[in-house]
Every structure is written in structure tokens, then in C-alpha cells.
Amino acid sequence: MPLTIGVPREVFPDEKRVATIPDVVEKLIKLGFAVAIESGAGDAANFSDDTYRAAGATVVGDAASLWAQSDIVFKVRAPSAAEVELMKAGSTLISFIWPAQNAELMQQLAAKKVTVLAIDSLPRTLSRAQKMDALTSMAGVSGYRAVIEAANAFGRFFNGQVTAAGKIPPAKVFIAGAGVAGLAAIGAAANLGAIVRANDTRAEVADQVVSLGGEFVKVDYEEEGSGGGGYAKVMSEGFQQAQREMYAKQAREVDIIITTALIPGKPAPRLITADMVKSMKPGSVIVDMAGEQGGNCELTEPGKAVVKHGVTIIGYTDLPSRLAKQSSTLYANNLLRLAEELCKTKDGIINVNMEDEAIRGLTVIKDGEVTWPPPPLKAAAAPQAAKPAAPVAEKKSGHGHGAGEPMAAGTLAIMFGVGAALFWLIGAFAPVSFLSHFTVFVLACFVGYMVVWNVTPSLHTPLMSVTNAISSIIAIGALIQVAPPLEGIAEGRPSSWILGLAVVALALTAINMFGGFAVTRRMLAMFRK
């Protein structure tokens with residue numbers, strides 16, 4: 001019998017997101033599931049009960065009835081103690097859980113003999129898991145919204161302007177942390193016209209910062225900051241001291257600071273001290289995206305926007321919820337992809353396969369047994385070492401040449417002699433008409449080689465440009481064959497089968513050329529706004 005997916009209304013204060021949307025409901029039903037949603041669950045995200053009914057979901061009037069009939073529960077926030085009591089034994093919960101910070105909740109869920117998949121525990125280093133990565137989806141929304149909140153609190157434009165009323169300098173924005181949220185903030189701030197600077201302990205993100213229009217500010221201290229699972233690691237005291245000095249300098253210069261630094265299972269690192277806040281210009285803004293874990297700024301008050309020392313410090317903990325419709329859509333799609341992995345048979349029955357690395361990483365409780373933390377991911381098999389090349393035999397005097405060595409003068413003279421003899425034979429015995437074609441062929445090979453390999457690619461690979469150049473040469477040759485002979489010249493008319501081949505060649509090369517340009521335009525359009 002198909003299982004029922006239940007979607008309750010979120011009870012966490014000020015949470016506006018919903019765990020699925022009407023468009024996704026239709027796809028869940030195609031997987032064989034029945035879908036029930038609590039009345040009003042999508043109202044705050046602008047999804048009415050009627051839209052869910054139209055998509056095929058059953059709208060349930062109260063939370064207790066919904067939890068009682070749900071075999072699988074989709075949620076955004078971790079369940080409250082009251083919601084845990086409503087769960088039926090043997091059901092499955094898919095939600096943000098944060099098991100490292102919620103040990104008591106884990107014990108309560110285990111006591112209910114349920115299975116829990118924590119969407120925040122997904123192994124993010126698995127490429128096939130990216131479609132289910134709700135952390136990345138929500139971080140991108142948060143980064144964008146952080147810039148909007150900063151712009152709202154800031155007293156002037158982000159972009160510089162010169163007007164009759166005076167000159168407006170561009171805002172200077174510093175972003176601490178260039179993960180997903182930081183990169184989204186860099187892109188949004190740069191698009192608004194600000195001068196954007198960013199820093200991260202992971203040196204490899206510098207190119208990403210520059211590609212989005214920012215400037216990477218490096219700490220004057222050499223230490224690698226990449227940690228496991230795509231996160232940064234805790235740095236040494238020496239690095240942290242050098243980093244604080246760099247942050248202090250940026251605080252004096254910039255107008256807006258956005259902090260994004262978080263390490264799973266640990267309190268948010270303190271990056272911005274009270275003294276740094278005092279040094280900032282009056283009217284400056286700090287958006288602390290780590291407010292829910294204590295904040296990166298010493299003066300942050302989680303969930304609030306406060307003004308201290310003339311600086312507005314925003315510590316909102318519901319940034320994704322402030323773009324509820326967009327966040328709900330992305331999150332619902334993440335859960336849909338997870339449902340597809342759990343129900344590959346499309347019969348409405350899920351299989352929590354503990355042999356699957358992605359599913360195993362997500363599963364923090366299985367049938368009442370706590371399975372978190374998961375075992376380390378299996379390391380990818382190391383490529384087999386290439387067999388050492390056989391040593392090159394020493395060249396004997398007067399016999400051949402070794403690899404990479406210039407050709408012997410005697411061998412080169414023989415090759416030129418053979419080539420000259422072949423050309424003499426062709427010139428002495430070939431008909432005049434053949435000689436003219438042969439001359440054109442030789443020149444075409446030389447000119448074609450020089451032209452084709454100097455074609456400037458219009459995409460990141462020269463393949464399309466080179467194939468189009470070759471096709472152009474083929475098309476010209478085919479046109480010469482199908483063209484009528486000059487007036488008064490009867491000889492030289494190609495036979496019917498040569499004419500047919502020329503027509504086919506012309507048609508195929510035209511398809512290749514125009515198709516190549518069409519594909520190139522479509523690929524380039526993906527990178528245009």
C-alpha cells in the first residue's frame with residue numbers, strides 16, 4: 001500500500017517556509033505516494049490550500065490528524081517536543097535536525113522508534129548528492145537576502161553616481177567567508193554596484209570571488225584552511241591573530257560587513273570584536289549570518305537588528321524565511337530528489353538503503369536506533385600507478401634516431417629525394433587537368449592548416465570553431481563541383497556520382513555549420529543575464 005507523505009505547518013516562531021509546494025506534490029504523486037498537508041501550512045509562503053487540492057493533495061484540518069496518518073513527514077525546522085509526541089511509531093521524518101546540537105531531541109525521536117533523515121547531514125562531497133543539498137539551497141538564499149537587509153539598513157546607494165547634486169561614492173562591502181552564502185552575497189552586492197571584498201580561510205575560493213566581481217583579501221599568514229565535507233576548519237592561533245588584524249583594517253575602511261563563518265557542531269567563531277565595531281564609520285552596517293549559533297560579531301543579538309556605536313548590527317536568524325516562496329520551492333525540490341532516491345521503484349514505498357553512502361549519511365536514526373555520526377566516506381580508489389616506460393634503446397651509430405632527437409641528415413635527404421621523385425613522376429605522366437587540381441589540393445592543405453588552427457574560439461573550447469572552419473572548406477569544394485562549367489568549356493564536368501556526393505557533402509556541412517552556431521548561441525545564452 002502506498003505511503004502517505006504528510007506536511008505539517010511549521011510551528012517555529014516566524015518560520016514562513018513550507019516543506020513542499022503544489023508543483024512538487026504532483027511529482028510526488030507520480031512516484032506513488034499519497035500527499036496530505038495541514039491546512040494553512042503554505043499560507044505564509046503564498047501557497048493556498050486550494051492550490052494543494054488542485055495538485056492532488058489532501059488538506060487536513062489539524063496537526064494531530066496529519067501526524068497520525070503520515071507514514072513520512074516532510075518538515076523544514078526540527079520538530080518540537082509536542083510534535084515528536086504526535087509521531088506514530090515506525091514512521092519516517094525528513095527535516096533539518098542538527099543532531100550535534102540537539103542530543104535531547106535525538107533521544108526523544110529514538111524513543112518513538114522512528115526513522116529520521118537529517119537533511120543537514122547529507123555528505124556534501126558526493127557529486128550525486130548535490131541535487132538533495134538543502135544546506136546549499138538555503139545558504140544561497142540567505143546570502144542574497146543578507147545583502148538586501150544590508151541595503152535596507154544602509155543610508156545610501158550601493159553604486160557610485162555623479163549627479164548635478166553631487167558625487168556619490170560606491171559602498172564598500174566586506175564579506176567574511178566565501179562559502180555558498182558568501183559567494184551569493186558577493187554576487188548580489190557586486191550587481192548592485194558596490195566595491196566588494198571577501199576573505200576565506202580556503203585559498204582555493206579566491207578565483208570564485210574574483211569571478212563574481214569581488215576582490216579576495218588574503219591574510220598575511222600561510223596556513224591551509226580547507227576542512228572536511230566542503231567546510232572550513234578551525235585555524236591556528238597564529239592565523240586567527242593575523243586574521244583579526246586584517247578584519248580590524250577592513251572594519252575601518254568599509255561601509256558594510258557581512259559575516260558567514262560557521263563550522264558544523266561548533267559555536268560561531270568570533271570575527272568582529274566590539275573594538276572593531278567602534279572603529280567603523282557611523283551609519284555602517286553589519287549583517288551577522290551566524291546569529292543562530294551565537295554570531296560572528298561580539299555585539300550581535302540573535303534574531304534582532306540593533307544599533308551600537310552608530311553601527312546597525314543585524315542578527316536575523318530567519319533569512320531564508322524572509323524569501324519564503326523562493327526558499328520553499330528550492331527546499332521542496334531537494335526533498336523531491338531525495339524521495340526519488342528512496343523510491344526508485346515508483347510504487348510509493350521507500351527503501352532507506354544503508355549501503356548507499358548518501359542515504360547512510362542522511363540517516364541519523366534507523367527504526368529507533370541512533371546511527372549518527374555515520375562512518376567516514378569510503379575513499380575513492382586510487383588510480384593504478386602507470387607502468388614505467390621501457391627504457392629507450394640507445395641509438396647505434398648510423399642507424400635511426402632516438403625519441404625527441406633530430407632526424408639524421410642522411411635520412412632527411414632520402415625523404416626529400418623520394419618526395420621530389422614522386423612529384424617529378426606526377427608532373428611527367430599525369431594529364432594537365434589533374435595537375436591543376438593537384439596544385440589546388442596541395443595549396444588548400446597548406447592554407448587550410450594555417451587557417452583552421454588559427455581560428456579564435458567563441459566558446460571555452462576551440463572544437464566548435466575548428467569544425468566550422470573545416471566545414472567551410474568542404475562547402476567551398478562542394479560548391480565548385482556543383483557549379484556549372486564556364487561557357488565554352490565542355491570538359492571538366494564532373495560525373496553524376498561525383499555531383500551527387502558534392503550535393504550530399506554540401507547539405508551535411510550546412511547542417512553542421514548552422515547547427516554548430518545555434519548550439520554555441522544557446523550555450524552562451526546560459527551565461528548572459
Side-chain angles (χ1 to χ4, degrees), residues 124-125 127 130 133 135-137 139-151 154 157-161 169-227 229-233 235 239-240 242-263 269 271-272 284-287 289-290 296 456-462 523-529:
R124 302 174 78 184
T125 54
S127 58
Q130 292 177 2
D133 189 358
L135 279 174
T136 294
S137 300
V141 175
S142 297
Y144 177 86
R145 183 67 191 197
V147 174
I148 301 303
E149 295 293 343
F154 191 49
F157 299 143
F158 268 40
N159 63 320
Q161 294 186 16
K172 294 179 180 178
V173 180
F174 177 71
I175 296 171
V180 175
L183 292 173
I186 292 167
N191 287 337
L192 286 173
I195 296 173
V196 184
R197 304 168 184 170
N199 167 261
D200 196 281
T201 57
R202 297 160 292 187
E204 64 268 20
V205 305
D207 289 340
Q208 300 174 38
V209 171
V210 173
S211 69
L212 289 169
E215 174 193 349
F216 187 78
V217 182
K218 189 177 180 182
V219 176
D220 190 17
Y221 193 97
E222 293 299 328
E223 183 177 348
E224 176 52 46
S226 296
Y231 295 96
K233 70 175 184 180
M235 307 300 286
F239 182 92
Q240 291 181 36
Q243 187 182 54
R244 283 191 290 269
E245 293 173 1
M246 182 269 289
Y247 283 159
K249 179 182 177 183
Q250 293 299 322
R252 292 190 297 268
E253 296 180 1
V254 302
D255 304 297
I256 296 168
I257 295 177
I258 298 175
T259 65
T260 70
L262 272 177
I263 298 174
L271 303 179
I272 308 298
S284 298
V285 179
I286 296 174
V287 181
M289 295 180 61
N296 297 136
T456 301
S458 60
L459 213 54
H460 56 81
T461 169
M523 294 180 71
L524 290 173
M526 294 169 61
F527 301 96
R528 295 194 184 105
K529 294 181 180 179

TODO: Kindly indicate, with the supporting measurements, whether the criterion salt bridge (charged side-chain N to carboxylate O under 4.0 Å, His left out) is fulfilled by Lys249 and Glu245.
DONE: CA-CA 6 Å; Lys249 179 182 177 183; Glu245 293 173 1; over 6 Å; no
Gap separating the [atom1] atom of [X] from the [atom2] atom of [Y], nearest 0.5 angstrom:
X      : Y      : atom1 : atom2 : result
Ser137 : Gln130 : OG    : CD    : 10.5 Å
Gln240 : Tyr247 : CD    : OH    : 10.0 Å
Thr201 : Tyr221 : OG1   : OH    : 13.5 Å

Heavy-atom distance under 4.5 Å between the side chains of [X] and [Y], does that happen here?
X      : Y      : answer
Ile195 : Pro170 : yes
Phe174 : Met246 : yes
Ile256 : Phe158 : yes
Asp207 : Phe216 : no
Val254 : Arg197 : yes
Ile272 : Thr259 : yes
Val147 : Ile258 : yes
Phe157 : Leu192 : no

So, for [X] and [Y], which heavy atoms are closest and what is the spacing to 0.1 Å?
X      : Y      : answer
Ile186 : Ala198 : CD1-CB, 3.6 Å
Ala176 : Leu271 : CB-CD1, 4.0 Å
Val287 : Ala150 : CG2-CB, 3.7 Å
Ala178 : Val209 : CB-CG2, 3.8 Å
Leu212 : Leu183 : CD1-O, 3.4 Å
Ala181 : Met289 : CB-CE, 3.6 Å

TODO: Run through Gln250, Lys218, Gln243 and flag the one making a side-chain contact (heavy atoms from CB on, under 4.5 Å) with Asn199.
DONE: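 Exactly one candidate clears the test, Gln243.
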Check whether any side-chain N or O of [X] sits under 3.5 Å from a backbone N or O of [Y] as a donor-acceptor pair, and report yes or no.
X      : Y      : value
Asn296 : Ala261 : yes
Asp200 : Gly177 : no
Thr260 : Gly143 : no
Asn159 : Gly193 : no

TODO: Kindly determine whether Ile175 and Val196 satisfy side-chain contact (heavy atoms from CB on, under 4.5 Å), including the steps that lead there.
DONE: CA-CA 8 Å; Ile175 296 171; Val196 184; 4.0 Å; yes
- [ ] Take Asp133 and Arg124, measure what salt bridge (charged side-chain N to carboxylate O under 4.0 Å, His left out) needs, and give me the verdict at the end.
- [x] CA-CA 7 Å; Asp133 189 358; Arg124 302 174 78 184; 3.3 Å; yes
Open item on the list: I'd like to know whether OH of Tyr144 has more than 12 heavy-atom contacts from other residues, nucleotides or ligands below 6.0 angstrom.
Closed with: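 It does not: Tyr144 OH has 12 such atoms or fewer within range.
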